[in-house]
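Written below as structure tokens is the structure these notes are about.
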Amino acid sequence: MATNITQHEFSSKDVFRHKIHDIVGSCDGILCLANYYKPLIVLCNPSIRKFKELSPFDNPRVDSQLNMTCGFGYDHVSHNYKVVVVYNFTVKGQLKGRNSDPPFIVSFDLDKESYQKVFLPDLGEIDVFDLTLGVLRDCLCLIHDDDVWFMREYGIKESWIKLFDLSYLQDSTKPSTLTKVLYLFEDDNVLLEFIYFEKKKLILYNSKNGSFKKGSFKNAAMFQNTLEVCVESLISPCF
């Protein structure tokens with residue numbers, strides 16, 4: 001389901017009065033926030049302090065376990081920002097079977113509102129729930145265990161390359177999980193997000209010499225799901 005943005009503006013305190021917010025993504029300086037419990041989707045531009053709530057939508061009424069996730073982007077043909085809501089159903093009482101078909105990424109075209117398959121690099125036998133997707137320099141990236149993959153030509157499986165392997169950063173006494181590649185700088189430094197004992201940490205990794213610096217940020221407990229790189233812009237989410 002794709003939802004166009006057509007609703008009213010509201011104040012910043014209305015956006016953050018609920019602590020449970022995930023950042024769906026950012027585009028042109030606009031952040032898309034989601035509260036999957038309500039459900040509630042909010043757009044905001046922190047540079048100009050403008051906020052907006054999308055028109056409400058109802059979850060499908062089905063006799064199953066319902067999970068929801070969202071995507072956010074710009075349709076260059078219709079010149080609209082769109083939010084895509086994806087539902088995942090698990091029918092109660094149904095056993096989970098293994099699928100012999102190779103896993104793939106489902107790509108959604110915001111203009112045509114159609115789907116296509118994007119195939120993964122050769123990773124061997126994997127659990128798709130251990131994969132994390134992201135964007136680096138406008139290209140698709142993929143996290144698998146401690147490896148970061150980068151797709152040079154969108155949709156071309158053979159264009160996947162492994163950017164780096166971060167397994168040597170792991171400390172056996174302090175297990176951690178690489179959860180996000182936040183930003184790739186021009187000097188090839190990479191800003192990474194890890195989780196150590198349920199707390200998020202930042203690492204600035206130099207992919208040329210393998211050095212790294214660890215960092216943290218205040219109020220981590222409140223903002224456990226709000227790490228995102230967002231460019232400054234004057235674009236209003238209140239179209």
Side-chain angles (χ1 to χ4, degrees), residues 1-59 68-86 108 110-111 132-141 179-187 189-195 198-204 213 215-239:
M1 177 178 68
T3 304
N4 288 328
I5 300 163
T6 57
Q7 291 298 299
H8 61 281
E9 178 182 0
F10 65 105
S11 68
S12 60
K13 65 180 180 180
D14 290 330
V15 178
F16 298 107
R17 68 175 181 267
H18 301 289
K19 293 183 179 180
I20 304 175
H21 276 90
D22 287 334
I23 293 185
V24 175
S26 65
C27 182
D28 298 333
I30 299 174
L31 289 173
C32 179
L33 309 177
N35 183 329
Y36 295 120
Y37 290 88
K38 295 188 74 77
L40 171 70
I41 296 178
V42 173
L43 300 179
C44 69
N45 185 333
S47 298
I48 59 175
R49 302 187 63 80
K50 295 288 186 179
F51 303 85
K52 184 175 182 179
E53 183 177 355
L54 267 66
S55 54
F57 57 91
D58 295 326
N59 285 333
M68 185 182 80
T69 187
C70 295
F72 176 60
Y74 181 70
D75 181 352
H76 292 274
V77 176
S78 65
H79 303 293
N80 281 326
Y81 293 90
K82 295 182 178 180
V83 175
V84 179
V85 181
V86 180
F108 183 74
L110 288 177
D111 169 32
T132 302
L133 295 177
V135 177
L136 280 180
R137 293 183 181 171
D138 296 326
C139 290
L140 185 65
C141 77
T179 54
K180 201 169 188 179
V181 182
L182 288 165
Y183 195 73
L184 178 61
F185 296 92
E186 295 297 330
D187 59 1
N189 277 309
V190 189
L191 185 62
L192 305 170
E193 173 192 288
F194 280 81
I195 291 183
E198 300 183 352
K199 291 187 178 181
K200 290 188 176 180
K201 299 290 184 179
L202 298 179
I203 287 183
L204 186 63
K213 296 179 181 179
S216 60
F217 47 94
K218 296 181 180 179
N219 301 323
M222 178 179 294
F223 298 104
Q224 278 293 293
N225 299 313
T226 58
L227 290 179
E228 183 75 20
V229 174
C230 181
V231 299
E232 290 186 335
S233 80
L234 300 177
I235 299 176
S236 172
C238 309
F239 311 106

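Numbers here simply count residues along the sequence, with the first being 1.
- Here the closest non-hydrogen pair linking G29 and P46 is O-CD, 3.9 Å.
- Rounded to the nearest 0.5 Å, atoms CG (D111) and NZ (K82) are 6.5 Å apart.
- At least one donor-acceptor pair under 3.5 Å links the side chain of S233 to the backbone N or O of D28.
- Contact detail for S26 and L31: the closest heavy-atom pair is CB-CD2, 3.6 Å.
- Note: L133 CG to C141 SG = 7.5 Å, rounded to the nearest 0.5 Å.
- Remark: L202 CG to E193 CD distance equals 7.0 Å, nearest 0.5 Å.
- Minimum heavy-atom separation, C44 to L33: SG-CD1, 4.2 Å.
- Looking at heavy atoms from C-beta onward, V181 lies in side-chain contact with L136 at the 4.5 angstrom threshold.
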Check: Hey, mind stepping through V84 and L110 against side-chain contact (heavy atoms from CB on, under 4.5 Å) and telling me if it holds?
Finding: CA-CA 9 Å; V84 179; L110 288 177; 3.7 Å; yes

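- Counting only distance, with no hydrogens or angles, the side chain of D22 and the backbone of V24 share no donor-acceptor pair below 3.5 Å.
- Heavy-atom minimum distance, E186 versus R137: CA-NH2, 3.4 Å.
- For D138, there are no side-chain hydrogen bond (donor to acceptor under 3.5 Å, both in side chains) partners, not counting sequence neighbours.
- Between S236 and the options L43, N45, I48, a side chain to side chain contact (heavy atoms under 4.5 Å, CB included) holds for only I48.
- Side-chain contact check for L40 versus E53: some heavy-atom pair is nearer than 4.5 Å.
- Closest of all the heavy-atom pairs between F72 and G25 is CD2-O, 4.0 Å.
- Not counting sequence neighbours, the partners of Y74 by the ring-ring contact (aromatic ring centres under 6.0 Å, His included) test are H76, Y81.
- Counting heavy atoms from C-beta outward, V85 and I41 have side chains that approach closer than 4.5 Å.
- Panel note: side chain T69, backbone V86; no donor-acceptor pair is recorded below 3.5 Å.
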